[in-house]
Number of protein chains: 2
Amino acid sequence: MAQKTKYNMVKEKITDWITSGKVKPGEKIHSENELVKMFGVSRHTVRQAVGDLVHEGWLYREQGAGTFCSFRQEENEQTVLPAQTNGKNIGVITTYISDYIFPSIIRGIESYLTAQGYSLTFACTDNDIEKEKQCLQTMLSRNIDGLIVEPTKSSIYNPNIHYYLELEQHNIPYLMINQFYPQLAPPHIVVNDEHGGYIATEHLIKLGHRKIIGLFKTDDLQGVNRMQGFIRAFREHGITFFPDMVISYSTEDMNEKVNDRLNKFYSSDDRPTAIVCYNDQLALMVLDVLRNHQISVPEDVSVVGYDDSFLAETFEVKLTSVAHPKMEMGIEAAKRIVSAVEGKDNNPQSIIYEPELVVRNSTAPIKSKDIVISQE
Amino acid sequence: MAQKTKYNMVKEKITDWITSGKVKPGEKIHSENELVKMFGVSRHTVRQAVGDLVHEGWLYREQGAGTFCSFRQEENEQTVLPAQTNGKNIGVITTYISDYIFPSIIRGIESYLTAQGYSLTFACTDNDIEKEKQCLQTMLSRNIDGLIVEPTKSSIYNPNIHYYLELEQHNIPYLMINQFYPQLAPPHIVVNDEHGGYIATEHLIKLGHRKIIGLFKTDDLQGVNRMQGFIRAFREHGITFFPDMVISYSTEDMNEKVNDRLNKFYSSDDRPTAIVCYNDQLALMVLDVLRNHQISVPEDVSVVGYDDSFLAETFEVKLTSVAHPKMEMGIEAAKRIVSAVEGKDNNPQSIIYEPELVVRNSTAPIKSKDIVISQE
DNA sequence: TTTAAAAACACGTACGTACATAAGTAAAAA
DNA sequence: TTTTTACTTATGTACGTACGTGTTTTTAAA
């Protein structure tokens, strides 16, 4: 993960010496000038590398004598924060708690943390940047040892970046779930939403549908990615894509916008034969609108949801939906933050889950009368 | 102490700004180039000074934006754990988080606590007594200042009572939500579930139904109370009540028991004309079973749910359901625990919300052919 | 008015030099 | 042999330059 700057490469080499046992605690490492010659970099660069390692506790310097390997690398992380004897505290910040999908993630996190004797401090932002700021401040002023965040409005610029930088300064590990801010490039656990949008759309294309519309929430990256997968499916299958086939909305204008556009579509003759939805909850809304127009699913129109929530199973039409491991993601997030907090894994790796399509009754092959002459 | 090197002098000046309050947490300090001019030193020197202060936790840098004052300077001088001056910590223990109904209560609690600068430590028990014990232990070992609990399996004897007694010993206020252990008689915020069960049943009786069955989860007091209301409605309207009209189940055997009994009913000739459900989620299950038997709602059978959740509104048949103020309960719980923690109200009063019936499309007057000769 | 490109700005990396200060070493003096 | 001195080597401080990368503001175009 560390960028491949020269000083980072020097740092890596030196830490390698230590971890491999080539240099033992208390032993002198090569002098700055020697390192300059060895790595072919300037003394400034060597000093930056060594200086960093001194701060991180790997080495210590003695003027006039040399630079030496530290005796206690174990205590690297413990130098800043005082030891909290019994069980640590992990912060969790999410956007919505009422959304039917988050409870399973939070439940995953909670179950693992409690089992480990950790406690969980919780806050949610309602997808409001001002509230996110407040939550981060509260978390920082508490003695949290790690943080799991679902970023707020991740598709637009986020002004709260410096709070995350400060977490790094204090050596408090954090990871992002569901989405992440590209500017920070933190460890993250996400679903490959682009692929999810793609397979949902591809499924419909393979059933013969051409007039497919997509409904996506675009104030978070999840929605934007699903939309991109939607569009890619058109391109890769050589199907003409018209911009008005995508309806994007934000949390605030969801109700009006989706209703309006959908009603417009189904009042005209240019009716789509399939609809890809941002999530299952939206799919329910769509089904409700369709019912009001006396349009039956899947006979007249196919509908695909996303999340494979319990809603997909309990509805009158069982929803075809894109599935991803919700609870596992929570557990995995908890596991990684715990091992990061315990210093077992200073640079947790990211995971990208590949979603899968669960086909149910809401999608069907296109009816012969609806087939349009291919325009390619 | 510090040698009078140039970079030490720059460091001193900058820390002065912070300690004197000239620069507040989160505020930007002068840029490196400005500092160069101000102190008449080179940029290298400024960078060394600022870099040191970043490592010491006074400042943090943001590439492209500037250098900012840190939010937690407390750690610089701190020797012991800071006495959590700002905002207290409230514990919340619930049974299930995935149940569609709890998120709104938790959201109510969270929104109020965050607005008050409080933080929320969360745990859930999965309705398991062993886990409840663990959660209570964790909460006690943390420095929580108040506790909101939804009791686990409140209808059977609870072996964790002494943890609550210990809370009282430590003068940590707590209150129970949704249910409460009668043995403790703590302040509680609940819905009058007995009345809820009563009005749901009364509604059906007034529509002419006599063969009414009730499905209730009886491992918590909520379900037991709703069932008692169900039975009282029969008695008060002078209608004979047969014990087999009630199907009681527990969390574990819900799926089999409900399905079995319901299938048995609808395979025989002794079909009920109305069903009272423990909650909306169960109502969905019931609707699914009915669909499989080609029984239509509300024409053939009326169904009443409980909770008035979003499920009631988005289904193909809009559910008649018993409504209670979910989010308000959370907010009210948070308000009361906060005033208890702040000593404004040492003995918070209990609230009992009276539920109301929301009539939608899933209930209808009994069809004439189904009317049975009254037996009174 | 909105949007997009360009410029200005701020921190990040990397090179160079010079001299200071502390520690160890070897040669010279006591 | 011991002590002093000078030299060498090591890190420490401090100056300079240049260009990279990301953010913010300004400007110009649509």
Side-chain angles (χ1 to χ4, degrees), chain A residues 1-14 23 26-55 58-70 129 155-166 168-169 180-186 218 243, chain B residues 1-14 23 26-55 58-70:
Chain A
M1 109 140 210
Q3 293 167 66
K4 47 176 185 171
T5 55
K6 291 195 179 179
Y7 76 90
N8 266 322
M9 286 162 72
V10 175
K11 276 175 73 175
E12 237 172 78
K13 276 285 177 197
I14 296 175
V23 185
E27 268 183 25
K28 183 165 170 273
I29 68 164
H30 297 96
S31 76
E32 291 181 358
N33 279 322
E34 284 170 329
L35 293 172
V36 164
K37 279 178 203 159
M38 286 172 74
F39 296 113
V41 296
S42 70
R43 184 172 165 223
H44 175 96
T45 305
V46 168
R47 274 191 71 74
Q48 181 159 14
V50 172
D52 272 20
L53 294 174
V54 167
H55 274 295
W58 293 90
L59 306 171
Y60 62 93
R61 299 201 259 217
E62 244 173 83
Q63 187 175 353
T67 306
F68 304 84
C69 178
S70 204
I129 288 179
S155 73
I156 61 173
Y157 169 73
N158 187 295
N160 297 326
I161 299 289
H162 56 267
Y163 287 99
Y164 295 103
L165 296 175
E166 190 166 347
E168 290 178 15
Q169 227 86 73
F180 65 99
Y181 299 126
Q183 323 148 50
L184 283 169
T218 47
Chain B
M1 50 153 218
Q3 293 167 68
K4 48 174 185 167
T5 56
K6 290 194 179 180
Y7 77 89
N8 267 321
M9 285 162 75
V10 174
K11 277 175 71 174
E12 235 171 82
K13 276 284 177 194
I14 294 174
V23 187
E27 267 182 24
K28 186 164 169 270
I29 67 164
H30 298 96
S31 75
E32 291 180 356
N33 280 321
E34 284 171 331
L35 294 172
V36 164
K37 280 179 202 156
M38 285 173 73
F39 297 112
V41 296
S42 71
R43 183 168 166 226
H44 175 95
T45 305
V46 168
R47 273 191 72 76
Q48 181 157 17
V50 172
D52 273 19
L53 293 175
V54 167
H55 274 295
W58 293 89
L59 303 172
Y60 62 92
R61 296 200 261 215
E62 238 174 278
Q63 185 175 358
T67 306
F68 303 83
C69 177
S70 210

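Nothing here was measured: the structure is a model prediction, and the numbers come from that model. So you know, we letter chains A, B, ... as the sequences are listed, proteins then strands, and number each from 1. Side-chain atoms are counted along with the backbone in the values below, which use heavy atoms only and exclude waters and symmetry mates.
Contact annotation: the side chain of B:Gln48 never approaches that of B:Thr45 to less than 4.5 Å [non-hydrogen atoms, C-beta and beyond]. In this structure, the side chains of A:Tyr7 and A:Asp52 come closer than 4.5 Å at one or more pairs of heavy atoms. Under the 4.5 Å side-chain criterion, counting only non-hydrogen atoms from C-beta, B:Phe39 is not in contact with B:Met9. Side-chain contact between B:Thr67 and B:Leu53 is absent, with no heavy atoms from C-beta onward closer than 4.5 Å.
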- [ ] Dump the intermediate steps for side chain to side chain contact (heavy atoms under 4.5 Å, CB included) on B:Arg61 and B:Glu32, then the final yes or no.
- [x] CA-CA 11 Å; B:Arg61 296 200 261 215; B:Glu32 291 180 356; 3.6 Å; yes
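Two residues, A:Gly64 and B:Ile29, neighbour DNA chain C, and the one matched to the more 5' nucleotide by heavy-atom proximity is B:Ile29.
Listed by residue number, B:Arg43 are the residues of residues 34-46 of chain B with a heavy-atom contact under 4.0 Å to DNA chain C.
The one candidate from B:Leu35, B:Val46, B:Val36 that meets the side-chain contact (heavy atoms from CB on, under 4.5 Å) condition with B:His30 is B:Leu35.
For A:Thr67 and D:dT11, the shortest distance from a side-chain N or O to OP1 or OP2 is below 4.0 Å. In terms of phosphate contacts, B:Arg47 brings no side-chain nitrogen or oxygen within less than 4.0 Å of OP1 or OP2 of C:dC11.
Across the protein-nucleic acid pair, A:Met9 atom CE and C:dG12 atom P stand 21 Å apart, rounded to whole Å. The distance between atom CD of A:Gln48 and atom C1' of D:dG20, rounded to the nearest whole Å, is 14 Å. Atom CZ of A:Arg61 is separated from atom P of C:dT21 by 18 Å (rounded to the nearest Å). In this structure, A:Lys6 places its NZ atom 13 Å from C1' of D:dA18, rounding to the nearest Å. In this structure, NZ of B:Lys28 is placed 7 Å from C1' of C:dA10, rounded to the nearest angstrom. Look at OH on A:Tyr60: it is 13 Å from P on D:dT11, rounded to the nearest Å. Here D:dT21 presents its P atom at 18 Å from CD of B:Glu32, a figure rounded to the nearest Å. Atom pair B:Leu53:CG and C:dC11:C1' shows a separation of 16 Å (rounding to whole Å applied).
Of the candidates C:dA10, C:dA23, D:dT11, C:dA10 carries the atom nearest the B:Ser31 side chain, counting heavy atoms from C-beta on. Proximity note for A:Gln63 (side chain, C-beta onward) versus D:dT23, D:dG12, C:dA14: the nearest is D:dG12.
A parallel orientation is assigned to the rings of B:His55 and A:His55, their planes being inclined by less than 30° (bins at 30° and 60°).
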